[in-house]
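Since the structure comes first, as structure tokens, the remarks are kept for the end.
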Amino acid sequence: MNTAVSQQPDAGVLLELDGIGISFGGLRAVDDLSFKIRRGEIVGLIGPNGAGKTTVFNMITGVYRPTDGRIRWHGRDITGLAPHRIAEAGIRRTFQTIRLFQDMTVLENVIAGQHLKMRQSWWQGLLNTPAQRREERELVEHAMEVLQKLDLADVAHEIATSLPYGAQRRVEMARTLVAKPELIILDEPAAGLNEQESAGLNDTIRAIRDAGITVILVEHDMSVVMNVTDNIVVINFGKKIAEGKPAEIRSNPLVIEAYLGQDDEEEDDPLLNAVHDQVNA
Ligand SMILES: Nc1ncnc2c1ncn2[C@@H]1O[C@H](COP(=O)(O)OP(=O)(O)OP(=O)(O)O)[C@@H](O)[C@H]1O
């Protein structure tokens, strides 16, 4: 009998949230939330405005420490580790707001994302040793590979902030990917994209997964979520209300109710509008 295998019934699970919870004052922002993410999956984390999505990935990335439950990465407890330790362990995130360096090319912006890894060789850099030069060459080669995958190789030497909005978002993703994460959390990557750019985002997310990186997608744009995810976790008021394949989630009464139950002032929420469209179709 292979004991190594029998001791790991959940082989393939990369990240496990086990009953995590957190309160802000009297507000229970996330409560007893559990789900698992397997290597190579694209998992959507969705829910109405204020449901707790941002709080969940702030706990995963170490910004907030859960007051209850455990977070496991490769089976190892990482609950409460500092954000830089979690990043070094292989979990990285993108930001909703574009934070590119002005006056720097796409390639320079992407290489700047490598500072965590380059810190070791900074002193060697002053001496310009062969090892340093080789590391720099490898870094540029790797950055160009990432740019190729994200369809940015042709604009590698253009000023990043001069590119169309959708391309700038891809540069943001490339900066995160060049650090070779095992898991990337995409924070509303479709925000601000036009319809065509949003359709292109589906390809970008699949390209990330095809490069061997597991993806958590926090997104309001249903056309992206329903098209690219393997599995969706839906939360409302901090609790998981549904989990399953896109087709199951689309027709889940609890999910529809959660979105329809929102205040009128949230009518502009594109996810809510998409649910309305489905219900009215
Ligand atoms: N630092 C904080 N202090 C107090 N309350 C907070 C804090 N962060 C989040 N909250 C509250 O926790 C709840 C969940 O917020 P969160 O931002 O995680 O929701 P969300 O699903 O990401 O919402 P959205 O889709 O609007 O971004 C909300 O009621 C929010 O007001």
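Just follow the structure's listing: the first ligand is 1, and inside any ligand the first atom is 1.
- The side chain to side chain contact (heavy atoms under 4.5 Å, CB included) test applied to R65 returns no partner, not counting sequence neighbours.
- F35 pairs by the ring pair (Phe, Tyr, Trp, His ring centres under 6.0 Å) definition with nothing, not counting sequence neighbours.
- A heavy-atom cutoff of 4.0 Å around ligand 1 is satisfied by the protein residues F24, L27, A29, P48, N49, G50, A51, G52, K53, T54, T55, Y64, H220.
- The only option from K36, R72, R70 that meets the salt bridge (Lys or Arg N to Asp or Glu O under 4.0 Å) definition with D18 turns out to be R72.
- Each ring pair (Phe, Tyr, Trp, His ring centres under 6.0 Å) pair with one or both residues in residues 144-177, not counting sequence neighbours, would appear here, but there are none.
- Ring centers of F24 and Y64: under 6.0 Å apart, within the cut-off.
- Residues G192 and E197 approach most closely at O-OE1, 4.4 Å, considering heavy atoms.
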